[in-house]
Every structure is written in C-alpha cells, then in structure tokens.
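Quick notes on the structure that follows.
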Number of protein chains: 2
Amino acid sequence: MPAPKKPAAESSGTPARGSRSRIQQRNRQIILDAALEVFSTHGFRGATLDQIAAQAGLSKPNLLYYFDSKDAIHRDLLTQLLDTWLDPLRMLDPEGDPQAEIMAYMRRKLEMARDFPRESRLFANEILQGAPRIESFICNDLRHLVDEKAQLITEWTQAGRIAPVDPYHLIFSIWALTQHYADFAAQIRMIRGAQHDPLDGAEPFLAQLYTRLLSP
Amino acid sequence: MPAPKKPAAESSGTPARGSRSRIQQRNRQIILDAALEVFSTHGFRGATLDQIAAQAGLSKPNLLYYFDSKDAIHRDLLTQLLDTWLDPLRMLDPEGDPQAEIMAYMRRKLEMARDFPRESRLFANEILQGAPRIESFICNDLRHLVDEKAQLITEWTQAGRIAPVDPYHLIFSIWALTQHYADFAAQIRMIRGAQHDPLDGAEPFLAQLYTRLLSP
DNA sequence: ATGGATCTTGACTGGATGGTCAAACTTGAT
DNA sequence: ATCAAGTTTGACCATCCAGTCAAGATCCAT
C-alpha cells in the first residue's frame, strides 16, 4: 500500500521547486505568510495553529497537509529569514568609501525594518528567548561575517579614513537603531500618534548621527 | 463559615504591607523573582506555572495560594516594572547642562540594562506583542513624559546649547542603544564570545557617539 | 503544650491545543 | 467522461496546562 502522498517533507536539501503543483506553491506561501504574521506578534508558543489557519483562510488539518508540524512551519520561516538576514552586512564593500559604505549599510537595514518588520520581530522573539533555534547560525555564519567586517572597519579607522570607533559596538548600534523601528513600532506609534509612520524622520536622524560619529 | 483565608488579593489599592506575614513577604518575592526569570525569556504564553514553580522551589498550588492566577503574577511584575521605568527620563533636569543631562540619561538607561536585563526583556516581550497589557501606560504616562522632555530638548536646540536634532528620535535612539544590550544579550554573547560581558566597551562607545552627535 | 490560623501539596478537573484519520471533494491528464 | 492523484475537512485523540480542593503539615500566640 502506498503511503498517503504528503507534498514532500523537504526539511533539508534543495526545495525541488518544480515538483510542487501551483496549488502547493500558492498554499505553502499563504500559510507561511499567515504564520509570519502570527509568530512575529505572539512568539512560537504564543501562536496557535488555529490562529494561523484562520489568518490563512484554511482549515487546521489543511495546514498540516502542507507542513509536518507547527515547528516545521516555524523552522521554514526562520530558514527563509536567515537566508537573507546577512545580505546587507555582506554588501559592505572594502573597496568603497568607508563613511559612505557604513551609511549605506545603515540605510539597507533601515529599509529592512520598513519593508520586513514582521521578519525583524520574528528574529527579535528568537533572540529574546536565548536564540535556541538559531544558535549555530549566530555562532558560525553571523559571527564570522561580523568578525570579518569588524576587521575591515578597524583597518578603515587605522587608515584614518573614519574616526576611531569600536567596530563591534558600531555594528551593534546599527542593528539596535534600525531594528528598534520594527520591533518597538507599537510603542513608537503610541507615543507619536497613529497618524505618523514610526519611521518618519528616522533616516535623516540616523544619517546625522552616523555622519557626526564617523567623520575623522 | 469563614471562607478560606487567601493572603489578600490586593489587585488594586495600597498593598497593606504590614498585614502580610514574613512568610508571605518572602514567598511572594521568591515567586515574583522566579516568574520574572521565566516570563522574561519565554514570554507570557510561553511560560508555564510549572516552570515558575520549579524555578521558585515551590509547588504549583502553592503559587496559586499567593497569587490569584498566572495573569496576576504577570500583572504584578509589569506594575512593579512600570513603576520605576520612567524614573531615568524623569530625572532629565531642565536646569542642568543639556549635553551632560542627556549623557547622564543614557548612562542611567545603560545601568538599567546592566542591572535589570530581565525587566528589560519583560518589557520588550510586551511591546513586541503590541503592548496589549500596558497600552494605557504608554499612551498616557510615557507619552506625556516623552512629549514634555522632547519639548525641553527642543528648547535646548533652539538656544543653540546642543546641535539641532529631532528630540523624539534622540530619545528613541537612547532606548534602542541601551536596551539592545539587555534584550539582545544572547546574540552579543554568541558573537563576542561568552568570556566578554556584553556591555564591555558599551559606555565609552555611547559616550563618544552622543558627544559627537550633540556638540553644537 | 495547645489550638486555631496559616501554609503546603497530591490528586484532580476542564478546556485548549497539536496532531491524526478516513472519508469526501477537486483537478487534470487521458 | 473517467479515474487516479492531489486536496480538503469534520470528528476525533492525547497531552499539556491553568486552576481547584480537601486533607495534611507547620507556625505562633497564649
């Protein structure tokens, strides 16, 4: 007897994109989008499959037809997120103008806070809990990239091309300042009033801040 | 028949401190401390009474002898937290030297991140979820205080005593930069290695940053 | 030492929630 | 049109978890 055809577990390896029907592609995406909404505001344990199903407009058993478990949905979201999380920092170009490069990095992160606030909150939730699911990513990929770029920044400071700053704290400051606008958007909205976009005025302020910090 | 004597609900009004026995004082504090540990890392829904009981070294029914419900413990923690959350900003002195006042505010917030990281994470969890339980606090107390201090900063900039900056974003930047060291401590530890204190070097960096930002 | 008040807990309940399953429905290749 | 494969769901189960309860242990004023 052939086991009931589940639409591919694919927990590892290549997605085998072509092997999925249009319906699968569409519904998996709908589910991931709904799950991102729910996980990012309620955290993993705070989210329920019923909430996600309601948000997706599907039945709960139907979610579990497309994903093996609640955990699998969450893992998929995190994997997808981490896949692009490093890109802005990776683009920091050793050949470019130091100050312009760092400003551009800050702007890319700020764009991510504006365009992907739910992803930022998903990440924040994960770190707040001690990063149990993404520890190896942070200790390996992220750490090595940060070490590499910190080295680059140190060279820039030693060459006198930017003011002497601690490169690690510089990077952390960019993370803190940009992600704050996504992670703490609720607070900012309540303080500035709902009519403002939380990010109004953020770019000029951060440009001013880093210009003054980095000018030799 | 007298109803079983629960140790005072006290959900509102004065604690009636003296009315509690030594055992009550002690155990309530043990429970709140354990709950802070658990809620701050797992969030409200992610925490279980069993975890809190284990952390406190008490039985679950015993927790519920001292507090009416899981929610009541959480509410107590938040209330206690909010009670002092505004103090550092409140201390911003209109009569003091503007730059020194803002630097001192940053340092007070950084001290709180160092001394009360669990409280910071409890707060962060709450905001990430949209701040449902503390909306009125943020919309009223916090908002009014921020408006007042933003006004003060504006006066300082108009008097040319500090560089012209957006006062709201200045305040948000202090929150972001200082709380980041508590909320994202797990990430910082993984990147810098466990031997470093996450806050090593933070104070000089932030001093440098705000000195350069604010100097007229 | 004694007794009533305070504290503690094992055993339990009811509801929520992740996950299963078999039957029903839809799709599209022939 | 037909049917096998793919998709959907109502009903169900097992476990987890907040909260209850009544009986037992401890404390402390007298």
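Computed from a prediction, not measured in an experiment: that's the story for all the values here. Order of the sequence lines sets the chain letters (A, B, ...), proteins ahead of strands, with each chain counted from 1.
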Enumerate the protein-to-nucleotides 26-28 of chain C contacts in which both atoms are nitrogen or oxygen and the separation is below 3.5 Å.
{"residue": "C:dG28", "atom": "OP1", "partner": "A:Arg22", "partner atom": "NH2", "Å": "3.4"}

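Counting to the nearest Å, the C1' atom of D:dT20 and the CZ atom of B:Phe67 are 19 Å from each other. Nucleotide C:dA16 holds its P atom 16 Å from the NZ atom of A:Lys70, rounded to whole Å. For A:Leu58 and D:dG6, the CG to C1' distance is 15 Å, given to the nearest whole Å. In this structure, CD1 of B:Ile52 is placed 15 Å from C1' of D:dC16, rounded to the nearest angstrom. Nucleotide D:dC17 holds its C1' atom 13 Å from the CZ atom of B:Phe39, rounded to whole Å. Distance B:Gln25 CD to C:dC7 C1': 16 Å, rounded to the nearest Å. Here C:dT9 presents its P atom at 11 Å from CD1 of B:Ile31, a figure rounded to the nearest Å. The separation between B:Leu64 atom CG and C:dT13 atom P is 18 Å, rounded to whole Å.
Nearest to the side chain of B:Leu49, among C:dG18, D:dA18, D:dT7, sits D:dA18. In this structure, of C:dG18, C:dG10, D:dT9, it is D:dT9 that holds the atom nearest to the side chain of A:Ser59. Distances from the side chain of A:Pro61 to the nucleotides D:dA18, C:dC21, C:dG18 place C:dC21 closest.
Taken from CH2 in B:Trp175 to CD in A:Gln187, the straight-line distance is 4.5 Å, to the nearest 0.5 Å. To the nearest 0.5 Å, the span separating CG on A:Leu81 from CZ on A:Phe137 amounts to 7.5 Å.
Among the heavy atoms of the strands lying under 4.0 Å from B:Ala47 are primed sugar atoms or P, OP1, OP2 only; no base atom is included. Among the protein residues, A:Ala72 comes within range of no part of the nucleic acid, since none of its heavy atoms lies under 4.0 Å from any strand.
The residues A:Asp141 and A:Arg90 are annotated as not salt-bridged, no charged nitrogen and carboxylate oxygen being separated by less than 4.0 angstrom. Using a 4.0 Å cut-off between charged nitrogen and carboxylate oxygen, A:Asp200 and A:Arg192 do not count as a salt-bridge pair.
Neither OP1 nor OP2 of D:dC16 sits under 4.0 Å from any side-chain N or O of A:Arg45. At the phosphate of D:dG10, neither OP1 nor OP2 sits under 4.0 Å from any side-chain N or O atom of A:Asn62. Phosphate proximity of D:dG6 to A:Gln24: absent, as no side-chain N or O sits under 4.0 Å from OP1 or OP2. Contact annotation: B:Asn27 does not reach the phosphate of C:dT6 (side-chain N/O to OP1 or OP2, under 4.0 Å). For C:dG19, neither phosphate oxygen OP1 nor OP2 lies less than 4.0 angstrom from any side-chain nitrogen or oxygen of A:Tyr65.
Taking both residues in full, the closest heavy atoms of A:Ala47 and A:Lys70 are given as O-NZ, 2.7 Å, listed atom of the first, atom of the second, then distance.
Ring orientation note: the planes of A:Phe39 and A:Phe44 are close to parallel, at an angle under 30° on the 30°/60° scale.
Judged by a 6.0 Å distance limit and a 45° cone about the ring axis, B:Arg28 is positioned over the six-membered ring of B:Phe67.
Counting heavy atoms from C-beta outward, A:Asp33 and A:Arg118 have side chains that approach closer than 4.5 Å.
Position along DNA chain C of the nearest nucleotide to B:Lys60 versus B:Gly57 favours B:Gly57 as the more 5'-ward residue.
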